[in-house]
Amino acid sequence: MAGRVIVVSGPSGAGKGTVVRKVLAARPDLELSVSVTTRPMRSGEREGVDYHFVPRDRFVAMRDAGELLEWAEVYGHHYGTPRRPVEDAVAQGRDVLLELDIQGARAIKRALPEAVLVFIEPPSLDDLVLRLRGRGTEDPASLSQRIRAAYEEIRSKTAYDHIIVNDDAERAARELLRILDQNRKENPT
Ligand code: ADP
Ligand code: 5GP
């Protein structure tokens, strides 16, 4: 019995992390793929929990050794999905959630056509800017880079199987849970 791969994408500040945390709390059997990244750690983040924070040469070595299922440059840093944990989870029948940018989502869909792609968007761009500012994690350059990228990211949402508007995080989490349950019913493994 194979597990499923569920990809969550959306512009920075849409609330992906917030919604995913709620879904994981409700479904302890669901696994979260922990990416490797070259971006600096934010305060409050933990090594091995939010990301594996690695220097660029380590990232390149992992990529060149084929240890990454997909990788991309996003907002000026490198991000990649370690291959083994995802393949092991799927082989052992556990569902695994990947939080990826739009390039990563496309790459996963090409490699694993049965993957479920979910796009999380904010109610409006004004909300997105307020949320990103409110989070207080980005310097002005990173903030404007993320806001500029949001237009292009939101345009790509038509490539996704499901779109969730994160107006209210609890409601959005329930919607994602419903998508997971629905997909399980339609594709029993
Ligand atoms: P992402 O992972 O998509 O970059 P986050 O989960 O970090 O986004 O959320 C960005 C900010 O918006 C955080 O400060 C978070 O607390 C807040 N936030 C998330 N969802 C909502 C919501 N539905 N309404 C208001 N604020 C939200
Ligand atoms: P952040 O710096 O805000 O944590 O993440 C920036 C962007 O990188 C987000 O869109 C996030 O989904 C994406 N991302 C995180 N990990 C990966 C990954 O392993 N691969 C890809 N392609 N994107 C990732």
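Just so you know, residue 1 is the first one in the sequence shown, and it goes up from there.
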Heavy-atom pair of closest approach, residues P82 and P85: O-CD, 3.5 Å
Check ion pair D181-R174 (N to O, under 4.0 angstrom): no
Co-members of the apolar cluster containing V60 [side chain, <4.5 Å]: none
Least distance between heavy atoms, A14 atom then I120 atom: CB-O, 3.5 Å
L68 and F59: CA distance, side-chain angles, deciding distance, side-chain contact (heavy atoms from CB on, under 4.5 Å) verdict: CA-CA 9 Å; L68 301 179; F59 186 95; 3.8 Å; yes
Ion pair R146/E138, N-O distance below 4.0 Å: yes
L128-I102 co-clustered via ILVMFWY side chain contacts under 4.5 Å: yes
Main-chain N/O of A89 paired to Q92 side chain as donor or acceptor, under 3.5 Å: no
Donor-acceptor contact below 3.5 Å, side chain R56 vs main chain H78: no
Euclidean distance, Q182 CD relative to E186 CD, rounded to 0.5 Å: 4.5 Å
Check: T37 side chain, Y79 main-chain N or O, donor-acceptor pair, under 3.5 Å: no
Gap separating the CG atom of L98 from the CG atom of L117, nearest 0.5 angstrom: 10.0 Å
Residue pair L69 / I108, side-chain heavy-atom distance below 4.5 Å: yes
Shortest non-hydrogen contact from L180 toward R4: O-NH1, 3.1 Å
Sub-4.5 Å side-chain heavy-atom contact between H77 and P40: yes
Connected via hydrophobic side-chain network under 4.5 Å: V8 and L30: yes
Candidate pair F53 and R39, rule side-chain contact (heavy atoms from CB on, under 4.5 Å), full reasoning: CA-CA 7 Å; F53 295 92; R39 97 150 151 69; 3.8 Å; yes
Separation of I164 CD1 from R178 CZ (nearest 0.5 Å): 8.5 Å
Electrostatic pair E152:R155 at N-O distance under 4.0 angstrom: yes
Between S124 and D127, a side-chain donor and acceptor under 3.5 Å: yes
Pairs satisfying side-chain hydrogen bond (donor to acceptor under 3.5 Å, both in side chains), at least one member in residues 99-122, at least two apart: D101-Q103, K109-D161, E121-K157
E153 backbone acceptor or donor facing S156 side chain under 3.5 Å: yes
Working for side-chain contact (heavy atoms from CB on, under 4.5 Å), residues T18 and R21: CA-CA 5 Å; T18 306; R21 272 193 298 278; 3.8 Å; yes
CG-CZ distance between D126 and R131, expressed to the nearest 0.5 angstrom: 11.5 Å
Hphob cluster co-occupancy, M62 + Y51, side-chain heavy atoms under 4.5 angstrom: no
Side-chain (R171) to main-chain (V165) donor-acceptor, under 3.5 angstrom: yes
Working for salt bridge (charged side-chain N to carboxylate O under 4.0 Å, His left out), residues E45 and R42: CA-CA 6 Å; E45 285 186 326; R42 293 176 188 146; 3.8 Å; yes
Any donor-acceptor N/O pair, K16 side chain to G10 backbone, under 3.5 Å: yes
CG-CZ distance between L143 and R133, expressed to the nearest 0.5 angstrom: 5.5 Å
Exam field: side chain N183 to backbone I179, donor-acceptor pair closer than 3.5 Å: no
Cluster overlap Y151 with V74, hydrophobic side-chain contacts below 4.5 Å: no
Minimum heavy-atom distance between T81 and S33, given as atom pair plus value: CG2-OG, 3.5 Å
Reported CD1-to-CG distance for the pair I6 and D95, which is rounded to 0.5 angstrom: 4.5 Å
V7 side chain reached by V5 side chain, heavy atoms, under 4.5 Å: yes
Which atom of K22 lies closest to which atom of A169, heavy atoms considered: CE-CB, 3.6 Å
Heavy-atom pair of closest approach, residues I154 and P11: CG1-CG, 4.0 Å
Worked verdict on V20 versus V23 for side-chain contact (heavy atoms from CB on, under 4.5 Å): CA-CA 5 Å; V20 163; V23 166; 5.6 Å; no
Cluster link V34 to V54, ILVMFWY, side chain under 4.5 Å: no
Side chain S9, main chain L100, donor-acceptor under 3.5 Å: yes
